[in-house]
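The next block holds one structure in the form of structure tokens; read it before the comments.
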4 protein chains.
Amino acid sequence: MSRTGPRRSESIRVAVLNAADDLLVEQGFAATTIEGIAARAGVAKQTIYRWWKSKVEILLDALADDALEGLAWAEPSGTAAEDLTAHLHRIAGFFQEPAGQVLQALLGHAQLDQGAAAALREGFLLRQRERDLAGLGAIIERHTGRTPDEENLARLTDLLLGPIYYRVLVFGEPADKDLLEATAHLTLKLAI
Amino acid sequence: MSRTGPRRSESIRVAVLNAADDLLVEQGFAATTIEGIAARAGVAKQTIYRWWKSKVEILLDALADDALEGLAWAEPSGTAAEDLTAHLHRIAGFFQEPAGQVLQALLGHAQLDQGAAAALREGFLLRQRERDLAGLGAIIERHTGRTPDEENLARLTDLLLGPIYYRVLVFGEPADKDLLEATAHLTLKLAI
Amino acid sequence: MSRTGPRRSESIRVAVLNAADDLLVEQGFAATTIEGIAARAGVAKQTIYRWWKSKVEILLDALADDALEGLAWAEPSGTAAEDLTAHLHRIAGFFQEPAGQVLQALLGHAQLDQGAAAALREGFLLRQRERDLAGLGAIIERHTGRTPDEENLARLTDLLLGPIYYRVLVFGEPADKDLLEATAHLTLKLAI
Amino acid sequence: MSRTGPRRSESIRVAVLNAADDLLVEQGFAATTIEGIAARAGVAKQTIYRWWKSKVEILLDALADDALEGLAWAEPSGTAAEDLTAHLHRIAGFFQEPAGQVLQALLGHAQLDQGAAAALREGFLLRQRERDLAGLGAIIERHTGRTPDEENLARLTDLLLGPIYYRVLVFGEPADKDLLEATAHLTLKLAI
DNA sequence: CACTAAACGAGACGGTACGTCTCGTCTTGTG
DNA sequence: CACAAGACGAGACGTACCGTCTCGTTTAGTG
């Protein structure tokens with residue numbers, strides 16, 4: 001016997017996530033307040049508090065939809081170097097998009113708040129880590145015929161993704177083409 | 001003709017920087033408020049606002065003293081690989097110390113606030129970048145006898161430091177020994 | 001042709017009135033919210049709003065049953081002074097009972113809300129006024145053989161009841177025995 | 001050594017009391033919210049909460065200035081009956097003025113809230129009671145040459161003021177001329 | 001004995017005000 | 001004139017109820 005009464009409104013959920021996204025891109029993280037989101041989404045504050053605990057949760061929700069796509073690995077389709085370089089470009093481009101800015105903000109906030117850090121990890125980063133390991137593993141396997149062991153794969157992933165995140169998070173600017181290619185080649189060199 | 005009246009009190013400056021440092025480590029960035037710093041330092045709020053524009057500036061000030069030391073490159077003293085690995089360990093250790101936590105917090109906040117990002121860049125990151133370029137350049141030069149050109153050196157620095165910052169900023173945990181060594185070796189391989 | 005479907009549930013009506021009564025006595029008027037009444041009565045909010053417009057209406061409903069009895073005039077049975085004094089004691093006692101507290105709260109709220117004042121007047125006070133006029137009139141008539149004219153009777157009623165309400169509403173405490181007796185005697189003195 | 005720093009702003013105090021007064025008269029007690037008072041007075045909410053605990057305290061403060069004057073006893077100047085009647089008219093008129101409406105609202109709210117009742121008692125009613133006892137006592141003394149004992153005086157005061165408050169608080173309308181005169185005469189009759 | 005049709009529980013929703021918190025500015029008197 | 005103390009305007013916080021609304025479910029009658 002399912003429960004009675006009205007169900008959670010999907011249109012509200014979407015409106016809130018969009019409002020949060022928009023505010024973050026337009027005004028930045030600090031100005032993205034629950035009140036602001038509520039006003040922008042045309043929704044009562046209490047309605048937001050009913051479904052989300054904090055703006056971090058909202059942004060995490062918003063991220064879940066968009067980032068999985070933006071950071072997805074394409075099917076291997078060329079040489080290993082081409083595939084890797086293409087993926088790095090994909091990442092660099094992602095951080096220019098709204099969803100990428102959301103991720104960047106959440107990563108920033110995670111440095112300042114243990115709880116947010118844990119939530120981001122559980123809600124997004126670990127999942128993404130799996131996909132990164134799998135994506136890189138698939139390319140290596142296709143190229144060498146062998147599946148790298150877990151430990152090596154993890155290390156290779158850090159080597160591959162480290163520099164690009166470093167440029168974005170520390171210097172606030174996307175990595176340039178040459179760096180991406182160098183990173184891809186170097187990672188491959190170690191992988192073989 | 002020098003002006004009359006009391007001059008800026010150095011003891012207040014130190015008390016404020018220490019209070020900020022302490023609060024950040026003990027309570028985190030969000031709880032490190034100007035009000036809190038003032039109370040902890042036994043100083044009036046207005047006095048702080050007279051000399052600093054924001055808590056970011058205070059922390060930047062605090063960082064200036066400590067981080068330059070914590071992230072300094074030692075004189076080359078062994079093989080290139082040894083020197084690089086040692087420096088990476090130094091960095092990893094730095095993020096466990098108070099000064100490292102201040103830097104981490106400022107990097108986090110920089111993702112959320114354009115102004116803070118610029119201030120951090122001007123006040124610390126660019127200076128540190130120079131030192132990283134110089135430090136890595138010196139090691140390569142000692143090993144190969146040749147000075148790498150600027151472009152290559154920048155790329156090598158990103159490859160070297162990227163993974164370690166990636167692990168700290170994205171996963172909130174220090175890079176493990178193996179990753180550090182792999183990074184150092186790989187960077188060297190490309191450098192030669 | 002009478003309509004189909006379930007009829008208004010009497011048990012709900014009683015449960016709501018009791019819940020309201022109880023809450024008022026236990027928690028006070030402000031804490032007597034529609035939500036609280038609904039929860040206490042085990043009833044949906046909408047069900048309450050279907051049958052009552054406000055908590056004032058609910059309390060008025062609750063009063064209707066009890067207060068008519070609590071403020072009723074007994075049959076004249078002794079000397080006029082005795083009867084009057086007895087009735088005043090009845091009133092003083094009434095304000096200690098739950099129903100009396102409900103009336104007191106409604107009188108209080110009526111000072112703050114024109115609509116509630118009107119509702120209380122229509123729903124209770126005017127009816128009670130009639131009964132007070134009649135009750136006092138009957139005693140005077142039995143004592144003097146004459147029926148006082150309306151205007152005089154109204155004035156006498158105000159003189160009789162004023163002090164006791166004054167003590168309750170202004171000082172929050174029941175009138176003492178001596179005041180009640182003095183009031184009764186004085187009213188009689190003027191009546192003759 | 002007196003303390004440093006800014007002092008409480010008297011102009012703010014006055015602005016808040018006036019705003020509260022105005023709102024109460026224009027919109028009623030329920031619509032007289034702290035937020036509304038703050039907005040109307042051009043003052044931050046926090047500033048209100050710094051100096052007053054609730055809107056009741058604000059209104060009490062507002063009352064303190066005005067009501068002492070509005071309910072003051074004039075110097076005896078005619079016959080006792082004239083003086084008493086004049087004072088009753090004064091009271092009746094007072095309830096038509098803003099200050100009177102404030103008192104009426106506070107009396108109303110006192111029925112609903114123990115704390116407010118106590119505050120009203122302490123902050124106003126007891127003081128006023130003293131003045132009423134003294135005022136009536138003075139008139140009686142001038143008329144009879146004797147000072148009534150305390151107990152009698154209290155009873156006489158209740159008899160004198162009861163009916164007029166009764167008409168206002170229970171029926172929401174001022175007592176008519178005849179009732180005031182009858183009350184005054186009757187009280188006097190008992191006093192002698 | 002279906003077939004209405006309203007009553008009912010549950011509770012989501014847009015609002016308003018609450019009382020609290022912290023911000024950055026401004027004001028006042030002391031050393 | 002730097003400083004402590006702290007009042008002040010501003011505005012977001014998270015909570016409590018408001019009164020309205022939408023859902024299934026339950027409960028009479030009517031045909």
Side-chain angles (χ1 to χ4, degrees), chain A residues 1-9 11-13 30-39 41-51 53-55, chain B residues 3-9 12 30-31 33-36 38-39 41-55, chain C residues 1-9 11-12 30-39 41-55, chain D residues 1-9 11-13 30-39 41-55:
Chain A
M1 191 190 76
S2 100
R3 73 158 205 64
T4 179
R7 293 312 186 286
R8 173 172 186 179
S9 158
S11 67
I12 284 179
R13 191 183 148 271
T32 303
T33 64
I34 298 266
E35 287 207 313
I37 296 170
V43 145
K45 254 200 309 179
Q46 182 56 44
T47 299
I48 294 187
Y49 282 109
R50 205 188 332 268
W51 302 114
K53 277 184 187 157
S54 64
K55 69 173 170 180
Chain B
R3 65 168 200 61
T4 179
R7 296 306 186 287
R8 173 172 187 181
S9 156
I12 283 179
T33 65
I34 298 268
E35 218 135 49
V43 146
K45 259 199 307 180
Q46 182 55 41
T47 301
I48 294 186
Y49 281 109
R50 206 186 331 271
W51 303 113
W52 293 274
K53 277 185 187 157
S54 64
K55 68 174 172 179
Chain C
M1 187 188 79
S2 109
R3 69 160 198 63
T4 178
R7 295 311 184 283
R8 172 172 186 180
S9 156
S11 68
I12 284 179
T32 304
T33 64
I34 298 269
E35 298 220 331
I37 296 171
V43 145
K45 258 201 307 180
Q46 182 55 41
T47 300
I48 293 186
Y49 281 109
R50 200 179 345 259
W51 303 113
W52 293 275
K53 278 184 186 158
S54 64
K55 70 173 171 180
Chain D
M1 193 188 74
S2 101
R3 76 157 198 63
T4 181
R7 295 308 185 285
R8 173 173 185 179
S9 157
S11 67
I12 284 178
R13 192 184 148 270
T32 303
T33 64
I34 299 267
E35 297 218 333
I37 295 171
V43 144
K45 253 198 311 178
Q46 182 56 42
T47 299
I48 294 187
Y49 282 109
R50 204 187 334 268
W51 302 114
W52 293 276
K53 278 185 187 155
S54 64
K55 68 173 171 181

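Since we're looking at a predicted model, the values are computed, not measured. Below, all heavy atoms of this structure are taken into account, side chains as well, without hydrogens, waters or symmetry copies.
- Rounded to an integer number of Å, the gap from NZ of A/Lys55 to P of F/dC13 is 7 Å.
- In the set E/dC26, E/dT20, F/dA28, the nucleotide with an atom closest to the side chain of D/Tyr49 is E/dT20.
- Across the interface with DNA chain E, nearest-nucleotide mapping of D/Gly5 and A/Gly42 shows A/Gly42 to be the residue nearer the 5′ end.
- Within 4.0 Å (heavy atoms only), C/Gly36 reaches no atom of the nucleic acid at all.
- With E/dT28, E/dG11, E/dC18 as the candidates, the nucleotide lying closest to the side chain of D/Lys45 is E/dC18.
- A close approach under 4.0 Å does not occur between any side-chain nitrogen or oxygen of A/Arg7 and OP1 or OP2 of F/dC23.
- Atom CD1 in A/Ile48 sits 9.5 Å away from atom CD in A/Glu35 (nearest 0.5 Å).
- Distance A/Ile34 CD1 to E/dC21 C1': 16 Å, rounded to the nearest Å.
- When rounded to the nearest whole Å, the span between CZ of D/Arg50 and P of F/dA10 equals 13 Å.
- Phosphate contact (OP1/OP2 of E/dG14, side-chain N/O of A/Thr47, threshold under 4.0 Å): present.
- Of all the heavy atoms in C/Thr33 and C/Ala30, the pair that sits closest is CG2-O, 3.7 Å.
- Between C/Trp51 and E/dC8, a side-chain N or O to OP1/OP2 separation shorter than 4.0 Å is present.
- Geometrically, A/Arg8 engages A/Trp51 in a cation-pi contact, judged by NZ or CZ lying under 6.0 Å from the ring centre and within 45° of the ring axis.
- Each of C/Arg8 and A/Pro6 has a nearest nucleotide on DNA chain E; the 5'-most of these lies closest to C/Arg8.
- Comparing E/dC18, E/dC8, F/dA7 against the side chain of C/Ser9 picks out E/dC8 as the nearest.
- Taking only side-chain atoms of C/Thr33, from C-beta outward, the nucleotide of F/dC18, E/dT28, F/dC3 with the closest atom is F/dC18.
- Taking CD1 of B/Ile34 as the start and CD of B/Gln46 as the end, the distance is 11.0 Å to the nearest 0.5 Å.
- Closest to the side chain of B/Gln46, out of E/dC26, F/dA28, E/dT25, is E/dC26.
- Counting non-hydrogen atoms under 4.0 angstrom, D/Trp52 reaches nothing in the nucleic acid.
- The nearest pair of heavy atoms linking C/Ala38 to C/Ala44 is CB-C, 4.3 Å.
- Closest contact between the side chain of B/Ala44 and the listed nucleotides E/dC13, F/dA7, F/dA4 involves F/dA4.
- In this structure, D/Ile12 places its CD1 atom 11 Å from P of F/dA10, rounding to the nearest Å.
- F/dG11 atom P lies 16 Å from atom CD1 of D/Ile48, rounded to whole Å.
- A donor N or O paired with an acceptor N or O is not found under 3.5 Å between the base of E/dT30 and the side-chain atoms of D/Thr4.
- Closest to the A/Glu35 side chain, of the nucleotides E/dA7, F/dC13, E/dA10, is F/dC13.
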